[in-house]
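Let me begin by presenting the structure, written as structure tokens, before commenting on it.
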Amino acid sequence: MEQSRRRQRLFFQRGKCEELSWNSNLWKIAGGILYFCSVPSIAEIYASPPIGQLLKVEGWIRTRRTTRTVSFVELQDGSTLKALQLVLSHEKISLDRIEATLHTGASIAVWGILRSTPDRPQPFEIEVEDFILYGEADPTTYPLQKKAHSLEFLREISHLRPRTRTFQAIFRIRSGLSFAIHQYFQERGFVYVHTPILTPSDCEGGGQLFQVTTLALEALPRHPDGRIAYEKDFFGRPAYLTVSGQLEGEMLSMGLGKIYTFGPTFRAEPSHTPRHLAEFWMIEPEMAFYDLDMTMDLAEDFLQFLTKAILQRHREELEFLREHYEEKLIHELEKVAESRFIRLSYTEAIDILNKSGKSFQFPTSWGSDLQAEHERYLVEEYAGQPVIVYNYPKEIKAFYMRQNDDGRTVAAFDVLFPRIGEVIGGSQREERYEQLLRRMEERGMDPFPYQNYLDIRRYGSVPHSGFGLGLERFLLFLTGMTNVRDVIPFFRSAGQMA
RNA sequence: GCCCGCUUAGCUCAGCGGUUAGAGCAUCUGGCUGUUAACCAGAGGGUCGCAGGUUCGAAUCCUGCAGCGGGCGCCA
């Protein structure tokens, strides 16, 4: 911006005017003098309006309103949720040309002077000298209109929904959140590591995996006994898409100290809910020498840092989403950013639920997992703010979580948020070789695929901990959306590839 | 995987056994002293998701299927 404005102040040679083309930033005025136009984004114009200057602006048409002598176009270019009003005098630009081309969704470049309009709803507008059409948008078939559309409808046109302010706001917040996540960890000495996407084992045994193969599915090579001949597959053995980078993250943290992963994760579970995706993004920090309390402190500080970052850096987007989707959005974010999370041991949580006087669909008793209705009660009725539940019964948690001295609980924790439930799950890991092996045997797990994972307990093992944050679920909280399909650009879920 | 709901014009929806299926917005046409979801008038636009059944008669009732949405489970 600064550079292009300086350029505009330079003088240029006299000469004949070039034909306007899409990449032309020249403009001829009376006398045949050629000027360079600056080509600011709409965000730059709002940040520092170059009133009275000749500009070239490019974007997509949001709406057009035509009166007898003049037409108004609202132009958006993605740089801000705000639109730029263009004024087209029918004396300069024929009404026929306007009506033939300037429809909602069409893309154009305009040249014109920025005029201040202090007595109008918008602060300024472009008095258009001329425009060119990049791409038309036939109004009889273009799906988007100037009126609001349902999120369900927009899900069917995932290639066009980035044209809406709703999705511009969401994807800007998603971008800002990703940046803030890196910022938080980088400023605190964490190393960003890339754990593999292709994995050899169905680690954790729980989630269903997507199998990856180069074998011809219609003619699988088989052994005489009918087994599939995986030695002919690409890796010489079965391969899958990762369901978590945690096990590799632990190995990396045993050398690098504090690490985090931030990447895609794949689950082949046919869950038809507003909270599940087959491909989603997860952040998994893993810290050597961290116990459960330190990790819960980190998780709370992390979530508050991210929430504050979005409040500070994405006010415009939050205001838009608050106005159109969730009245309490900013209020909720501020509350989370400011107040300490309530910490309850699992045993305390069960006690509170038992004494609540509520009749739950699933009864609460020590040893059973907390259901969605229980989490909702704890967060929304009991605490009124985020809750961390820790020290769960070992039977309902994963094999790698560290056993507590009581013999019946593990050092696990979940962070429960208003509206979205569990946003973080984490634990101190079992760093003692014998205990880990015994846990796996109790569960009937074959330790063979976990030799490397066990090995790091044999050589220089240390107490360590980590957690996982589901990016899309946290984005539900930050944006006020209620379906994870609306916070990822192109969703993949059971039976659907947007 | 289990349960519930929805599917009518490009979009959002009304009609829920009885003439030729409606509204707003969008589109098109005309009008309008610069509009702000502009406004005013008019026009075009529908195999009422698909298949079958009940009935003198089905958008409407029943069955199956499909798609979408939601609740629960699993989880992040």
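Only heavy atoms go into these numbers, but all of them, side chains included; no hydrogens, no water, no symmetry mates. Predicted model only: the values in this text are computed from it and were never measured.
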Is the backbone of A/G105 close enough, under 3.5 Å, to the side chain of A/R62 for a donor and an acceptor to pair up by distance? no
Phosphate oxygens OP1/OP2 of B/G71: is one of them under 4.0 Å from a side-chain N or O of A/R376? no
Value in whole Å for how far the [atom2] atom of [N] lies from [atom1] of [X]:
X      : N     : atom1 : atom2 : value
A/L370 : B/G73 : CG    : P     : 11 Å
A/L144 : B/U12 : CG    : C1'   : 14 Å
A/R419 : B/G71 : CZ    : P     : 13 Å
A/E375 : B/C75 : CD    : P     : 11 Å
A/F360 : B/C72 : CZ    : C1'   : 15 Å
A/H103 : B/G10 : NE2   : C1'   : 15 Å
A/Q208 : B/A76 : CD    : P     : 14 Å
A/F153 : B/U12 : CZ    : P     : 6 Å

Closest nucleotide among [options] to the [X] side chain:
X      : options             : value
A/P139 : B/U12, B/U27, B/A76 : B/U27
A/T140 : B/U27, B/G69, B/C75 : B/U27
A/E152 : B/G69, B/A76, B/G71 : B/G69

Base-pairing assignment for [N] (Watson-Crick or G-U wobble, both under 3.5 Å):
N     : value
B/C39 : B/G31
B/U54 : none
B/A76 : none
B/A26 : none
B/C48 : none
B/C68 : B/G5
B/U60 : none

Can you tell whether the side chains of A/D369 and A/K397 come within less than 4.0 Å, N to carboxylate O? no
Before accepting this row, confirm whether a basic side-chain N of the pair A/R376/A/E373 lies closer than 4.0 Å to the acidic partner's carboxylate O. no
Within residues 473-498 of chain A, the residues having a heavy atom closer than 4.0 Å to RNA chain B are A/R473, A/N483, A/R485, A/Q496
Expressed in whole Å, how much space separates the [atom1] atoms belonging to [N] and [M]?
N     : M     : atom1 : value
B/U36 : B/G45 : C1'   : 29 Å
B/U33 : B/G46 : P     : 36 Å
B/U7  : B/A59 : C1'   : 11 Å
B/C39 : B/G24 : C1'   : 15 Å
B/A37 : B/U20 : P     : 42 Å
B/C74 : B/U55 : P     : 48 Å
B/G34 : B/G49 : P     : 43 Å
B/A9  : B/G44 : C1'   : 11 Å

Contact class for [X] vs. all strands (heavy atom < 4.0 Å): base, sugar-phosphate, or nothing?
X      : answer
A/F280 : base
A/Q145 : base
A/R165 : nothing
A/L277 : base
A/H90  : nothing

In terms of ring plane angle, is the pair [X] and [Y] parallel, tilted or perpendicular, where the classes change at 30° and 60°?
X      : Y      : answer
A/Y46  : A/F124 : tilted
A/Y260 : A/Y192 : parallel
A/F190 : A/F185 : tilted

Has [X] got its NZ or CZ under 6.0 Å from the middle of the six-membered ring of [Y], at an angle within 45 degrees of the ring axis?
X      : Y      : value
A/R97  : A/F131 : yes
A/R322 : A/Y325 : no
A/R174 : A/F167 : no

Less than 3.5 Å between a donor and an acceptor, one on the side chain of A/H149 and one on the base of B/C11, is that the case here? no
Of all residues at least two apart in sequence or in a different chain, which pass the side chain to side chain contact (heavy atoms under 4.5 Å, CB included) check with A/I197? A/L241, A/P264, A/F266
Those residues at least two apart in sequence (or on a different chain) that pass ring pair (Phe, Tyr, Trp, His ring centres under 6.0 Å) with A/F280 are none
Would you give a per-nucleotide map of nucleotides 1-7 of chain B, 5' to 3', where B means the base has a protein non-hydrogen atom under 4.0 Å away, S means only the sugar-phosphate does, and - means neither? B------
Using a cut-off of 4.0 Å between protein heavy atoms and nucleotide atoms, how would you tag nucleotides 33-45 of chain B 5' to 3' with B, S and -? SBBBBB-------
Is it the case that the ring center of A/H103 lies less than 6.0 angstrom away from the ring center of A/Y142? no
Using heavy-atom distances to pick each residue's nearest nucleotide on RNA chain B, tell me which of A/E472 and A/Q361 is more 5'. A/Q361
I'd like to check the side chain to side chain donor-acceptor pair (under 3.5 Å) partners of A/R115; sequence neighbours left out, ordered by chain and number. A/E127
Pairing donors with acceptors under 3.5 angstrom, does anything connect the side chains of A/R64 and A/S71? no
As a test of understanding, state which of A/F362, A/F360, A/Y346, A/Y382 forms a ring pair (Phe, Tyr, Trp, His ring centres under 6.0 Å) with A/H374. A/F360
